[in-house]
Structure formats: C-alpha cells, structure tokens
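Excluded from the calculations below are hydrogen atoms, water molecules and symmetry mates; all remaining heavy atoms, backbone and side chain alike, are included. In what follows, chains are A, B, ... by sequence order, proteins preceding strands, each numbered from 1.
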There are 4 protein chains.
Amino acid sequence: MARPKSEEKRLALLEAATVTVAEFGLGASTARIAVRAGVAEGTLFRYFATKDDLLNALYLHLKQNLCGAMMLDYNRAGQIKERARAVWNSYIEWGLVNPAANKAMRQLAVSEKISPATLASVAELFPDLKALSDACFFNHVFITGQSAFAEAIFMALAQTTMEFAARGTDEIAAYKAAGFDAMWRACANEQ
Amino acid sequence: MARPKSEEKRLALLEAATVTVAEFGLGASTARIAVRAGVAEGTLFRYFATKDDLLNALYLHLKQNLCGAMMLDYNRAGQIKERARAVWNSYIEWGLVNPAANKAMRQLAVSEKISPATLASVAELFPDLKALSDACFFNHVFITGQSAFAEAIFMALAQTTMEFAARGTDEIAAYKAAGFDAMWRACANEQ
Amino acid sequence: MARPKSEEKRLALLEAATVTVAEFGLGASTARIAVRAGVAEGTLFRYFATKDDLLNALYLHLKQNLCGAMMLDYNRAGQIKERARAVWNSYIEWGLVNPAANKAMRQLAVSEKISPATLASVAELFPDLKALSDACFFNHVFITGQSAFAEAIFMALAQTTMEFAARGTDEIAAYKAAGFDAMWRACANEQ
Amino acid sequence: MARPKSEEKRLALLEAATVTVAEFGLGASTARIAVRAGVAEGTLFRYFATKDDLLNALYLHLKQNLCGAMMLDYNRAGQIKERARAVWNSYIEWGLVNPAANKAMRQLAVSEKISPATLASVAELFPDLKALSDACFFNHVFITGQSAFAEAIFMALAQTTMEFAARGTDEIAAYKAAGFDAMWRACANEQ
DNA sequence: AATGAATGAGAATTCATTCAT
DNA sequence: AATGAATGAATTCTCATTCAT
C-alpha cells in the first residue's frame, strides 16, 4: 500500500467538524472544516465522500464519545440508583467538559441529515445503558414496558440540566443533583 | 421603517418560512420562502431586512402562537394541577396539529441565529404562564426559587412527549397522560 | 414587471457559448462563457438553469441559424437540382462564414448532452428542407422510402466538403461543386 | 522514459479508456479509467504522462485497430470494386462489433485534443488503404488528383452507414449495401 | 409598494497530477 | 514499478441582497 489513510487525519477532521458545526451550525462549510483540521479541502472528501457522510460519521463519533464517558465509572455491581446517578453525572460532566461536542450533537440530532443506518448504529452503542434503563426504572412511566420513552426523558432532562449547569460554575453540583432527583422522581420505579 | 403595507403578506411570509424551514432546515433559501408566500423574491426584504431578521421574527411568531394555544383553555380559577394539565395538553396538541411549526421552532431554538433581544421578547410572552409555574409548582426542584429550571424541564418533557405522541395516532392520549404524570412527579410541590 | 429578461443577454450568452465551446470543447466552463458574454456567472443560470440546458439551447439555436441560412436563397419554383444546389451552397457557406458555430455544433452533435426533446425540436425546423429531400431525391438510396438515411448522407458530405473548403480560400468553389456532384451522384434519382 | 514494464497494463488502460470515454465523453476522469483498468490511480501516469497523452495514444490505438480490421480480408489480387467493398464491409462491421471504440474515436476526432503528431501517425497507417484509394477510385471527384477528399468522403459515408445500421439488427445488410452503392456512385471512376 | 433581473461571493465536489511509501 | 493518499485549483450551481423599473 502506498500510504495508509491516516486515522489521525480522520480524527482531526471530526474534531474540526465538531467545533465548526458548534460555531456555525450545519451550514459550516467543508472549506472551514478542512482548514481547521489542517488538511486540504480535497482531502476531506477522501475521508468522507460527501458532507452528509461526514455529518453522519460525526454524529456517531460524538455518541460513541458520550457513551464511552457515561460508562467510565459504571459499576455493574452497584445499587441501581447509584448506577443511574453515576451515568447521569457522567453525562452532565461530559457535556460541560465538551460543550462544542454537545452543541454539535444537538444540531445534528434535530437535523434531517442523520440516516436510519446511523441511527441504528447509535442504538447499538453500549447495551449496558439499555440494560440499565430496562432493569431499573421507568416501569410506571409507560405501560407497554418499552423504555424508549423513559430513555428519551432521561436524555431530555439531562440536556436541560446541562444547559443550566453550564451557566454558572458554582452551581454545577446543585443542578446536577436537582436534575437527577427530578429525573428519578419522573421515571424510577422505586423512590 | 414605516409600517409595511400588508400585514397579510407578512403573515404569508412567516407561514411560508415555517413550512420551508421545517422542510429544508435553516438553509431554506429566501427565494423559496418568497415563492411559497406568493410574493416576489425582493418583496421578502421589504418586510424583513435580512434573513436573520426573518428567522428571529419567525421564532417569536411561533412562540406567540404556541403560547396563545396554551392559554386558550386556561382557567385562572381552576385547581392548580388541572390548570397545569390544561396547559400541558394544549402544548402537546399544538405540536401535533402544527408539526411544521414545531419542527421549525426546534431548529431555530438550537441555532445560533436567535438574538438576545428575541429571547428577551419570548421570555415576556404570557406572564400568566410564568405566574403559574411560580405559584404552583417546582419549589422543590431548585433551591433558589427561580423557576426557570422547572420551566425548562416542563418544556423538555413536553417536547419529548410530543415526539412520541406524534408517532402513533392511537397512543396519543396515553403519552399525553404519562408525560404529564412524569412531569408532575418531577416538578410539582404537591403530589 | 421589474425588468424584462433581456433577449440581448440571452443572445450574448449563446454567442459566447458558441465560441467558447468551439475553442475548449464541451468542457468549456460556465465562468468563461459568462465572462465572454459580459455578464456575471450567476446571470448565466438565470437564463439557463443548468449547463446542459445551455448546451441544448445552443444546439437548437445553431441549427436554427444554419437552417435559416440554408433557406435564404431557396426558390420553391426552381428546378429540383438547382434547389438542392442552392441549399448545398448555403450550407457550405454558412460553415465557412461561421466556423465556430459549425465546430460547436459538431461537438454538440456527437455528445450525449442533447436531449430527445431538443432533437425533436430540431427535426421540426424548416419542413421545406424535409419536403425537398422527400420530393426530389434519394429514392434509390434506400428502399423503404424513408429519407433519413439520405439526409444524413447529405449532411455528412456537406460537412466533409466544408472541412476541405475551409483549408484553402482559392479552392472553395471547386470543393463546393465537386462535393455537390458527389452528393448528387450518391443520392439523387435523376442524374 | 524507459519502456514501461507491462504491455498488458498499457492495453488494459487503453481498453478501459475506450469504454470510459464512450460512456462519459472526454470528461471521463483518469481515476475512473484506472479503476476500470484494474490499476491504481497513479499507475496510469507511469504509462501516459498526462491525460492528453493518453487520449492521443488512445486515438492512435483505435485507428490502428480499425485499420487492422479493414485489412483483414483484403485481397490485393481482387477486383478493385470487390476490394473496396471488402474494406467497406470490414469498416461497418468493426463499428458494429466495437461500438464503444467507434464512439470514443468519434469523440476524439472532433476534439481539440489530438495533436498534429498523432494525426501524422494516423495518416501513415496502412499504406495499402491509401494505395487502394489512389489506384481505384475517385479520379473524377476532385481535379487535383489528391485523394484525401475522396477518402474523407469514404469515411464520412461509412460512419453514417454505421450509425443507421446500428439501429436495427435486421437491416444491417441492407444499409451496408445501400451505403456502399452510394459511396461508389459518389466516388468511383468506373461504375 | 412591489417586482424580479442581476450580482458575485461562496457552496460542495471533482480531478489531474505528485510523491511518500 | 506500483500504489493510493494528498493536493488545491477549477467546476457547476446557489443564494442573500440590491436596484432599476
């Protein structure tokens, strides 16, 4: 092989896309992304055939990052509520530490650009999370036993909490706790 | 600028912008919006100096619509929980009846286009809603007594409920009720 | 109406496209064509929605020009052979006077860009020409009575003649006559 | 440049260029040609320094193929008319059997890409053909005795015949014969 | 006041060619 | 010798905005 395609460049492009999309929205130009990644514009298209491909790859990448962060402190043997709290806290912290990633992810989530295939890949990330939500909460949220609604509530509340926590550094811990309590009251079986 | 001649055209432009933004995202071109509104390309700019002005006006317009819908059945003399439920139901229904408006509103909400001035105007809409949230719930959500966090939770849960309710016509009522209960558990003082 | 779309600009664009395509082939860029026409590049696309549309319009335009030239001296009352010769001479002369047009036309003819609709429009140009070919020659060329083959031979020989005539100014008349004789021998009923 | 290693690859590239140019025109990308030839993008440029070089080599290659085919059945001892008919038939059949080659050749012929050197090389191909045309026909076509004009007429009529013959499989023989007769009437001394 | 023609700065994407491996 | 990653100029087309009518 002549030269292997560089994983480093791929990551640089995804990273550049993250901050550029966070700053300019989905209208962020491939030119700007390429410059920020330190590669030629043509190079971007060797790694991602179209801008939409890049955006889909970016969404998956960010979700992977997020889920990875959420599972870092995860203790399978812990109490259910404490496991949930650990995941919750990791989520909030990830968002605070990676504001651009979080912002880009939200832009992508409401856009029409994410393909069903990407959504399917995302859904398969970290089955532990799914097991957690199935196992420990949400039964009374919705009768059919499907936890998708409860999961969505979890995400929505976490997102809201994150936004408020991001405003003032002092109150982060307070928002984190209050948000978790609200989520727990809203969703959990056992109070 | 002097008051533009035709309020009717202004509304036609906002309506056209709603469906066009819902369909194409914020990249929707002014030409397309103008065509859909039945006016010439240049005419749009007699009503809104720039595209950003149009988007800001659109956001305010949609929020006004939504808030108006939420207050329609509002009975100031009712029980607190029933008042909250009425507002909740109105919100969900508005989203289901106006999917394009809801979608456009969400796109605008996560974009960078909405100015602080617009956000301030939106915040002042319908003080009754603020009073309701201040008066009746949420005290235990957050210590400082500011209800902004609780309001945001209300909106986030309503939005989530709407998305699920929109999927199947059968389960609308079930989602509406389950979502309200979750919100009430999460936020209200008195269960 | 604000301003009527200028026929003058349309013609300038077609003229510019003619010489630019003659010089650079079908790869001639829209930027170059617009500059040569003295309009902004964006303007080109207000007159022709796509480059292909422009090329189709150009083909039709050139064929109209050519056919117009061929019919200029046409005397419906003349002898058949003299009518044929007049058309032949007009064709050759048009090609010599408008080498860029002739060259562009040939490029377009062998390309895949010309749509069936354009070909149909071209076929309807100047029914007199069709009548001439039907009426006066070619019966013995092909048995089925369809004159398309004979017409194609006519065009092919004229094109060939034109190329040779274009080389030296002295021999134009000689080539014109020799070419016509060859064509007449090849195609006509009555010698 | 030293002789490149693999004649096989050179031919694969020319073959790939033939079908790719037939399909996409002269805009066919070198990358596509390389892929079709089963070699890497860069490899193409080890065999042909530039795309134009490739196109020139392709033109010469196709002409050689065609001329080779035309001379296959050539019987130097035969009757003049029969020799001419054999060449004619071989030409038509080559075009029908190799439509991509024929199409690519025509695109190249009208393009600006073919250099005088290539044209000169082509002109020297198969002196037998030249001898045939000198010897046997065309004297009355043009006074100067140069047979280039007659040759061009031969080619033009053959091309036209080929196009019509390619349309319907039934009438191939009929077109072949009718085309030859027309050519013979147009060009030959002795009827 | 309304129109829509005109604009030129970008937009995404392609491509011939080079060069490190 | 062969590869294919990298490049950046060029391409077609879009678009917000202006301005003559």
Side-chain angles (χ1 to χ4, degrees), chain A residues 1-6 9-10 24 27-35 38-55, chain B residues 1-6 9 24 27-35 38-55, chain C residues 1-6 9-10 27-35 38-54, chain D residues 1-6 9 24 27-35 38-55:
Chain A
M1 210 189 335
R3 235 179 308 180
K5 215 176 279 183
S6 130
K9 268 183 188 135
R10 201 187 118 92
F24 296 96
S29 78
T30 52
R32 221 184 273 268
I33 294 170
V35 165
V39 303
E41 198 174 354
T43 302
L44 186 152
F45 290 94
R46 287 194 84 85
Y47 285 80
F48 307 96
T50 66
K51 189 185 177 183
D52 269 20
D53 283 0
L54 167 61
L55 293 180
Chain B
M1 198 191 358
R3 187 58 41 116
K5 204 174 178 181
S6 152
K9 268 179 188 148
F24 296 97
S29 79
T30 52
R32 213 185 276 269
I33 292 169
V35 165
V39 304
E41 285 180 59
T43 303
L44 187 153
F45 291 92
R46 297 193 60 78
Y47 289 82
F48 307 97
T50 68
K51 189 185 179 183
D52 268 21
D53 283 0
L54 167 62
L55 293 179
Chain C
M1 211 188 336
R3 236 177 311 181
K5 216 176 278 183
S6 130
K9 269 182 188 137
R10 201 186 118 92
S29 77
T30 52
R32 225 185 269 269
I33 294 170
V35 165
V39 302
E41 197 176 355
T43 303
L44 185 153
F45 291 94
R46 287 194 83 85
Y47 284 82
F48 307 97
T50 66
K51 189 184 178 186
D52 269 20
D53 282 1
L54 168 62
Chain D
M1 199 190 357
R3 186 59 41 116
K5 203 174 181 182
S6 153
K9 268 179 190 149
F24 296 97
S29 78
T30 52
R32 214 185 276 268
I33 293 169
V35 165
V39 303
E41 285 178 59
T43 302
L44 187 151
F45 292 92
R46 296 192 62 78
Y47 289 81
F48 307 97
T50 67
K51 188 183 178 185
D52 269 20
D53 283 0
L54 166 62
L55 293 179

Any residue meeting side-chain contact (heavy atoms from CB on, under 4.5 Å) with C/Arg10, in chain and number order, not counting sequence neighbours: C/Glu7, C/Leu14, C/Tyr47, C/Phe48
Whole-Å gap separating [atom2] ([N]) and [atom1] ([X]):
| X | N | atom1 | atom2 | result |
| --- | --- | --- | --- | --- |
| C/Ile33 | F/dT11 | CD1 | C1' | 12 Å |
| C/Asp53 | F/dC13 | CG | C1' | 12 Å |
| B/Leu55 | F/dA16 | CG | C1' | 12 Å |
| C/Arg3 | E/dA5 | CZ | C1' | 5 Å |

Scan B/Ala34 against the nucleic acid and name what it touches under 4.0 Å (heavy atoms): base, sugar-phosphate only, or nothing. nothing
Touch class at under 4.0 angstrom, heavy-atom based, for B/Thr43 against every strand present: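 Here B/Thr43 touches the bases of the nucleic acid.
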According to a strict under-4.0 Å criterion, is A/Thr30 in side-chain N/O contact with OP1 or OP2 of E/dA12?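 Checking E/dA12 against A/Thr30, a side-chain N or O does come within under 4.0 Å of OP1 or OP2.
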Looking only at side-chain N and O atoms, does C/Lys9 come under 4.0 Å of OP1 or OP2 in E/dA5?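 No, outside the criterion.
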My understanding is that only residues two or more places apart in sequence, or in another chain, count here; which of them pass side chain to side chain donor-acceptor pair (under 3.5 Å) with A/Thr30?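 Applying side chain to side chain donor-acceptor pair (under 3.5 Å) to A/Thr30 gives A/Glu41.
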Return the nearest nucleotide to the side chain of D/Glu41; candidates are E/dA12, F/dA5, F/dC13.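 That would be F/dA5.
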Would you write out the dot-bracket form of DNA chain E, 5' to 3', with Watson-Crick and G-U pairs under 3.5 Å, [ ] for crossing pairs, | for pairs to other strands and . for unpaired bases? .||||||||||||||||||||
Of all residues at least two apart in sequence or in a different chain, which pass the salt bridge (charged side-chain N to carboxylate O under 4.0 Å, His left out) check with A/Asp52? A/Lys113
What's the separation between atom OG1 in D/Thr50 and atom CG in D/Leu44, rounded to the nearest 0.5 Å?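 These two atoms lie 9.5 Å from each other.
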Listed in order of residue number, which residues of residues 44-51 of chain C have a non-hydrogen atom at under 4.0 Å from DNA chain F?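 Within residues 44-51 of chain C, the residues near DNA chain F are C/Phe45, C/Thr50, C/Lys51.
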